[in-house]
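See structure below.
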Amino acid sequence: MRKRHTKRFQITGELGQGSFGAVYAVTRRSDKQHLAMKVESVNVKKSMLAHEAEVLLSLSVVKSAHFVILYDKGSVENRFLFLVQTL
Ligand SMILES: Nc1ncnc2c1ncn2[C@@H]1O[C@H](COP(=O)(O)OP(=O)(O)OP(=O)(O)O)[C@@H](O)[C@H]1O
C-alpha cells in the first residue's frame with residue numbers, strides 16, 4: 001500500500017499492524033479530514049474487516065462520541081479490503 005491510494009483517500013503513513021492487516025493514516029481528499037484506514041488481503045479465509053465494518057455500521061445508529069465512526073469501505077484493485085474510520 002506504500003504510495004498507493006484510492007481515489008478518495010491519500011495514504012500519509014502507517015499507524016500499526018494488527019493480527020489481520022495494517023492500519024494507515026489517510027487524508028480524505030474531499031475535505032482534508034485525517035482518518036484511519038484498515039486494510040486486509042482479500043485472500044483471508046475469514047474476513048475480520050467485514051465483521052468490524054458490520055459492527056461499526058450497527059453502532060452508527062447510536063450517536064455517541066465514544067464510538068469509532070465508519071466513514072467508508074471498499075476494495076483496492078481486487079487485492080485488499082479497506083475500511084476508513086475515526087483516527
Ligand atoms: N482508528 C485508529 N486510529 C489510530 N490508530 C489505529 C486505529 N486502529 C488501529 N490503530 C493502530 O493500528 C494497530 C493495529 O490495529 P488493529 O485494529 O488492526 O489490531 P489490534 O487492535 O492491535 O488488535 P487485533 O489485531 O487483535 O485486532 C493498533 O495497535 C493501533 O496502533
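As the structure lists them, so they are numbered: ligands from 1, and atoms in each ligand from 1. In this chain, numbering begins with 1 at the start of the sequence shown. What you see below is based on every heavy atom in this structure, not just the backbone, and it leaves out hydrogens, waters and symmetry mates.
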Nearest 0.5 angstrom please: E40 CD to K46 NZ, how far?
10.0 Å

To the nearest 0.1 Å, how far is atom 8 (N) of ligand 1 from its closest protein heavy atom, and which atom is that?
K38 CE, 3.6 Å

Under a 4.5 Å cut-off applied to non-hydrogen side-chain atoms, are F20 and E52 in contact?
yes

When you measure from the heavy atoms of V68 to every atom of ligand 1, does any distance fall below 4.0 Å?
no

Can a protein heavy atom be found under 4.0 Å away from atom 28 (C) of ligand 1?
no

Considering non-hydrogen atoms of the protein only, which is the closest contact for atom 13 (C) of ligand 1, and what is the distance?
G16 CA, 3.9 Å

What is the minimum heavy-atom distance between S60 and K63, and which atoms define it?
O-NZ, 3.1 Å

Euclidean distance, M48 CE relative to K38 NZ, rounded to 0.5 Å:
9.5 Å

Shortest non-hydrogen pair, F82 vs R8, comes out as CZ-NH2, 4.0 Å

The single option from V39, V44, L49 passing side-chain contact (heavy atoms from CB on, under 4.5 Å) against L81:
L49

My question is simple, although I want it checked carefully: is atom 4 (C) of ligand 1 less than 4.0 angstrom from any protein heavy atom?
yes

Number the atoms of ligand 1 from 1 as they appear, then name those within less than 4.0 Å of a heavy atom of Q85, with their elements.
1 (N), 2 (C), 8 (N)

Give the numbers and elements of all ligand 1 atoms closer than 4.0 Å to a heavy atom of Q17.
14 (C)

Distance from L59 atom CG to L70 atom CG, nearest 0.5 Å?
10.0 Å

Taking only heavy atoms of A36, which atoms of ligand 1 are found under 4.0 Å from at least one of them?
1 (N), 2 (C), 3 (N)

Give the residue, atom name and distance (to 0.1 Å) of the protein heavy atom nearest atom 24 (P) of ligand 1.
S19 OG, 3.4 Å

Name the closest protein heavy atom to atom 15 (O) of ligand 1, giving the residue it belongs to and the distance to 0.1 Å.
V23 CG2, 3.6 Å

Answer yes if a protein heavy atom lies under 4.0 Å from atom 1 (N) of ligand 1, otherwise answer no.
yes

Against heavy atoms of L15, which atoms of ligand 1 measure under 4.0 Å?
4 (C), 5 (N), 31 (O)

Considering the heavy atoms of F20, write down every atom of ligand 1 situated less than 4.0 Å from one of them.
27 (O)

Straight-line distance of Q10 CD to K32 NZ, nearest 0.5 Å:
8.5 Å

State whether any protein heavy atom lies less than 4.0 Å from atom 17 (O) of ligand 1.
yes

Please state which protein non-hydrogen atom is closest to atom 19 (O) of ligand 1 and give its distance, to 0.1 Å?
G18 CA, 3.5 Å

Rounded to the nearest 0.5 Å, what separation is found between the OG1 atom of T86 and the CG atom of L35?
7.0 Å

Interatomic distance, K73 atom NZ to L56 atom CG [nearest 0.5 angstrom]
11.0 Å

